Number of protein chains: 2
Amino acid sequence: MAELVNVMPLFNDLAKIEPEHRVACQDCSLFRLCLPLGLQNSDLAQLDTIIKRSQSYKRAHTLFSTDNEFKSLYVVRSGSFKTTISAVNGREQVTGFYFPGEFIGLDAIHQQSYQSNAKALETSSVCELPFENLQEIGKKMPQLQIQLLTRLSKELSSDKNLMLLLGKKTADEKIATFLLSLSKRFQDRGFSATEFQLTMSRSDIANHLGLAVETVSRVMSRFQEDGLIVINGKAISLRNTTAINAMCG
Amino acid sequence: MAELVNVMPLFNDLAKIEPEHRVACQDCSLFRLCLPLGLQNSDLAQLDTIIKRSQSYKRAHTLFSTDNEFKSLYVVRSGSFKTTISAVNGREQVTGFYFPGEFIGLDAIHQQSYQSNAKALETSSVCELPFENLQEIGKKMPQLQIQLLTRLSKELSSDKNLMLLLGKKTADEKIATFLLSLSKRFQDRGFSATEFQLTMSRSDIANHLGLAVETVSRVMSRFQEDGLIVINGKAISLRNTTAINAMCG
DNA sequence: TTATTTCCATGATCTATATCAAAATATCTG
DNA sequence: CAGATATTTTGATATAGATCATGGAAATAA
């Protein structure tokens, strides 16, 4: 088996860079990826007053589930999360993975109740935005509302692309698309685009992409044989992004 | 073949009830399903000034496509639309069907460019909301922003359910879920929940649900044999909603 | 540490649904 | 309205990926 050294840090290493969970938005390394983007300093200070910064949660900690009362939206501060919805017969669909700077709970707004369950994939922390307060200060801060709108629109757009993936792509195309999507997001966050950790299990990946775990395993093994990637447990290295990109369909 | 009489009107019959395309929001029959819900009268009047009400478009008319400049959001006034996105290799995914009172183009906001293509499924008309103007008046109308947010959140939520459908459901469950979703939306609009027209082609349905046309045809024929539905071309009648509901998975 | 559980990889087999083919309807167009 | 074109239905066959089975590797608990 090919060797993989020099594995890039997990996202929860952000927590090490920024251990103070009281750090204000303007000093946060996620600033340019996060909600406050485009806000005036005075507005920012006001936003800061309503944000509750969480302690870190352990792997598998449930951030919220459909039977919790909807109170807050969350932004990932460090680590990563998955969201799921379940069908009546118990089957579950992993509807998304969330990394630092990304919002969780946006689909709860319309019914004022959580429509999905959110769970930490590793040691993680969040910024909690009590929705009522957010709406309150939003009334005087159009820029904040626009940011929120923009975030929702972005998630909508990426969900439509996931529909295309689920409805039309082959197993190979699904995995290739998934890996590149992660790569892109890691790069946006200042991490390596080619060496990163799959913080979610193979079965989470399989579920999210509408595949069986075995298929994910097999496709990844084959990608490795073909020199596209190198896998070592949860660590992955993209060795031929051009070829992977060409496989996205 | 079972007979199907008394087919319910198409949505474009709304246009007959309301032929004036200058009719103001407060007099529109879609009022309680539409954006202005919750607005003060004075705000409503202001919203009215920025809305452009379209003439009716013919079937297959392209409302917008990804290579048009993003200028406006649209709300369906009469008729129905589909949206699609396409993969690099030309494959397309039907990402949604839209009926009166529903928004089209929300996924364009974040990039300020259309991420999908929207096409009329029958003779249809829309209300056009120039986005810049909308943002402008939204600054003084928090309620409008909240409505917009709510709409986005609702679409997000239904897209997550579609992910569950695409990723985890069998062909039978997909069709059953789809029929009930239409039924629900028709009922919300004051039409029969059990007798309606499938304004989209079988191939649009198939594409949307991640199936082959032949599978859609076969499953529907079987549902008819089993007395769950009666089909007559584009007209459909749900004869056993309880059973259909039990099949949604 | 060792025991226990969960996760991952790989092989063998099966099946739901796609694909291919062709006839029957429906819908357009001049 | 007739002819042309597109859509839908139904049948026969093929296949991508699911499911079943097993052994080994990590992770977790005791």
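All heavy atoms count here, side chains included; hydrogens, waters and symmetry mates do not. The model shown is predicted, which means the values in this text are computed figures rather than measured ones. In what follows, chains carry the letters A, B, and so on, assigned in the order in which the sequence lines appear, proteins first and then strands, with residues in each chain numbered from 1.
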Side-chain contact check for B/Arg202: nearest option of C/dA18, C/dC20, D/dT9 is D/dT9
Closest of D/dA18, D/dT8, C/dA18 to the B/Leu211 side chain is C/dA18
Test side-chain contact (heavy atoms from CB on, under 4.5 Å), reference B/Phe196, set B/Thr199, B/Leu198, B/Thr194, output is B/Leu198
Residues B/Leu166 and B/His208: closest non-hydrogen pair is CD2-O, 3.7 Å
Exercise. Look at all strands and tell whether A/Arg59 reaches a base, only sugar-phosphate, or nothing, counting heavy atoms closer than 4.0 Å.
Key: sugar-phosphate
For B/Lys174, answer base if it contacts any base atom (sugar-phosphate contacts may also be present), sugar-phosphate if it contacts only those atoms, and nothing otherwise; contact means non-hydrogen atoms under 4.0 Å. nothing
A/Ile175 atom CD1 is separated from C/dA9 atom P, nearest whole Å, by 11 Å
Touch check for A/Ser221, heavy atoms < 4.0 angstrom, all strands: base, sugar-phosphate only, or nothing? sugar-phosphate
Separation of D/dT8 atom P from B/Asn207 atom CG, nearest Å, is 13 Å
Residues A/Phe97 and A/Ile205: closest non-hydrogen pair is CZ-N, 4.3 Å
| said: Please tell me if B/Lys234 has a side-chain N or O lying less than 4.0 Å from either OP1 or OP2 of D/dT7. | reply: no
Separation of D/dA27 atom P from A/Met200 atom CE, nearest Å, is 16 Å
Side-chain contact check for B/Ala171: nearest option of D/dA21, D/dG17, C/dT17 is C/dT17
Taken to the nearest whole Å, CE/A/Met220 to P/C/dC7 is 16 Å
Between A/Gly210 and B/Ser203, whichever has its closest DNA chain D nucleotide further toward 5' is B/Ser203
Regarding the side chain of B/Ser217, the nearest nucleotide among D/dT8, C/dA21, C/dT17 is D/dT8
In whole angstroms, the gap separating C1' of D/dT7 from CG of B/Leu121 amounts to 15 Å
When rounded to whole Å, the CD to P distance for the pair A/Glu214 and C/dG11 reads 13 Å
_Any A/Thr215 side-chain N or O less than 4.0 Å from OP1/OP2 of D/dA18_ = yes
Quick note, A/Arg218 side chain, CB onward, closest among D/dA18, C/dC8, D/dT19 is D/dT19
Taken to the nearest whole Å, NZ/A/Lys169 to P/D/dG17 is 13 Å
Between CG of A/Leu209 and C1' of D/dA18 the distance, given in whole Å, is 15 Å
Would the B/Phe186 and B/Phe99 ring centres measure less than 6.0 Å apart?
yes
Less than 4.0 angstrom from a charged side-chain N to a carboxylate O is my criterion; do B/Asp204 and B/Lys82 meet it? yes
